[in-house]
Amino acid sequence: MNPKTSPTTVRLVHIDSFTRTPFRGNPAGVVLDADGLSGRQMQDIARELRHSETAFVLKPHGPDHDLHIRYFTPSVEVPVCGHATIAAHYARACQLGLPATSLVQKTGAGLQRIDIQRHEGDYRIVMHQGPISFGDSFDAAQRQRVAQALGIGAADLEAHLPVQIVSTGHSKVLLPLRRDFELEALRPDADVLSAISRDIGCNGFYPFVIRDDASTEGRMFAPAIGIAEDPVTGNANGPLGAYIVRHGLLPHDGCRLAFDGHQGRALRRDGVVRVMVAIEDGEAVGVAIAGDAVQLFAADLRVD
């Protein structure tokens, strides 16, 4: 018989990201000092919390990064997550009383620079996302199939813009909708979207509109990884910034584009992602997202 292992006590923090208002934005669990946990225990905690993602903060593995973070949905581990990254660094800053600083995190998507800023008496977290990549445009049949899976017609998509997979570390299908489309009219079919995910190798679908005030609004569905709808998604709004530059959807000065990405209204979890895109020779070459956050509670969690 194997001896019983000693229980581990970790610090669990509940953060709402991309907002300063409790119960708005996107909730995430953050487990600090998670080195004593197994992958199975991390998955169990994420399943119990039922947030779209929970971040587990670990010690660095080498000199090229300051900490390592693993991310779990209720059902699977994912390489990286925008709102849980904001949450993890906001939680660390609050718990440790950190000054403004920059650091490097290691995730399943590689290395990302994080800036912890002081902003209006609180912290604001900036995440520099990974390399930008664009998939091929969906053909007419693919456009029709994904539109039907969202409960809309292909005519509700902007005819002159592509539906395509874009990644800045974690890929999303970006679906440009007509400017007058009401996002609350979407009626996604989780089973069909999951089937499409298996066929295309991408789990997130982000239909969006460009607002008249040069901001954006979208919704994000990822049922294939246990997320019926994600309230506010850094890993969708970041790729959207690159997409907007490539297809000339918002004006910029040739060097930088910045805009606010709104999300969460349909779930009464409104939040805002500040998106910043570096531009060279007319192309997006780097994307960063910034977000505020609010801590709801912190508690010690014993894991046997």
Side-chain angles (χ1 to χ4, degrees), residues 5 7-19 22-59 61 67-92 94-95 105-110 112 114 125 127 169-172 190 193-194 197-198 202-205 220-236 263-264 267 269 271 289 291 293-304:
T5 58
T8 298
T9 299
V10 295
R11 192 68 168 164
L12 171 64
V13 188
H14 178 118
I15 301 290
D16 287 342
S17 295
F18 300 123
T19 183
F23 313 117
R24 294 296 184 266
N26 201 348
V30 178
V31 177
L32 302 175
D33 303 317
D35 297 273
L37 300 177
S38 67
R40 180 175 180 178
Q41 288 172 318
M42 294 181 194
Q43 185 65 77
D44 286 345
I45 292 170
R47 186 183 64 224
E48 184 72 16
L49 293 177
R50 295 185 172 221
H51 299 312
S52 57
E53 274 91 4
T54 298
F56 295 83
V57 181
L58 308 162
K59 293 177 182 177
H61 295 194
L67 53 82
H68 177 209
I69 302 182
R70 294 176 68 179
Y71 304 87
F72 289 80
T73 78
S75 59
V76 297
E77 184 173 6
V78 294
V80 70
C81 169
H83 86 276
T85 295
I86 301 299
H89 292 283
Y90 185 84
R92 289 188 74 249
C94 290
Q95 293 289 307
Q105 68 174 23
K106 179 180 180 179
T107 71
Q112 298 93 31
I114 305 296
I125 309 301
M127 176 188 184
H170 195 188
S171 63
K172 298 289 179 287
L193 287 177
S194 296
S197 291
R198 290 191 292 270
C202 180
N203 294 318
F205 299 84
M220 209 287 285
F221 309 102
I225 54 174
I227 303 171
E229 179 169 359
D230 198 32
V232 193
T233 316
N235 282 341
Q263 199 181 332
L267 300 175
R269 296 211 65 112
I289 60 168
V294 60
Q295 177 178 305
L296 270 63
F297 67 83
D300 290 333
L301 174 67
R302 174 174 160 149
V303 183
D304 292 323

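Scanning for side-chain contact (heavy atoms from CB on, under 4.5 Å) contacts around C94 gives Y90, Y123, Q295, with sequence neighbours left out. Shown here are the side chain to side chain donor-acceptor pair (under 3.5 Å) partners of R47, two or more places apart in sequence or in another chain: D44. In this view, A34 and V31, L37, F56, L58 satisfy the side-chain contact (heavy atoms from CB on, under 4.5 Å) rule, not counting sequence neighbours. Scanning for side-chain contact (heavy atoms from CB on, under 4.5 Å) contacts around P223 gives A190, L193, S194, F221, with sequence neighbours left out. Taking the side-chain contact (heavy atoms from CB on, under 4.5 Å) definition, one finds that S75 meets it with T73, sequence neighbours left out. Taking the side chain to side chain donor-acceptor pair (under 3.5 Å) definition, one finds that R24 meets it with nothing, sequence neighbours left out.
With rounding to the nearest 0.5 angstrom, the CG atom of N235 is 8.0 Å from the CD atom of E53.
In this structure a side-chain-to-backbone donor-acceptor pair under 3.5 Å is present from Q263 to P231. One N or O on the side chain of Q41 and one on the backbone of D304 form a donor-acceptor pair closer than 3.5 Å. H83 places a side-chain N or O within donor-acceptor distance of the main-chain N or O of P27, the cut-off being under 3.5 Å.
For the side chain to side chain donor-acceptor pair (under 3.5 Å) test with N26, the passing option among T19, D16, D230 is D230; the others fail.
Residue V232 comes nearest to R269 through the heavy atom pair CG2-O, 3.6 Å, listed as atom of the first residue, atom of the second, then distance.
R302 has no carboxylate O lying under 4.0 Å from a charged side-chain N of D300, or vice versa, which leaves the two without a salt bridge.
The closest side-chain heavy-atom distance from M127 to H89 is not below 4.5 Å.
The number of heavy atoms from other shown groups lying within 6.0 Å of CD (E48) does not exceed 12.
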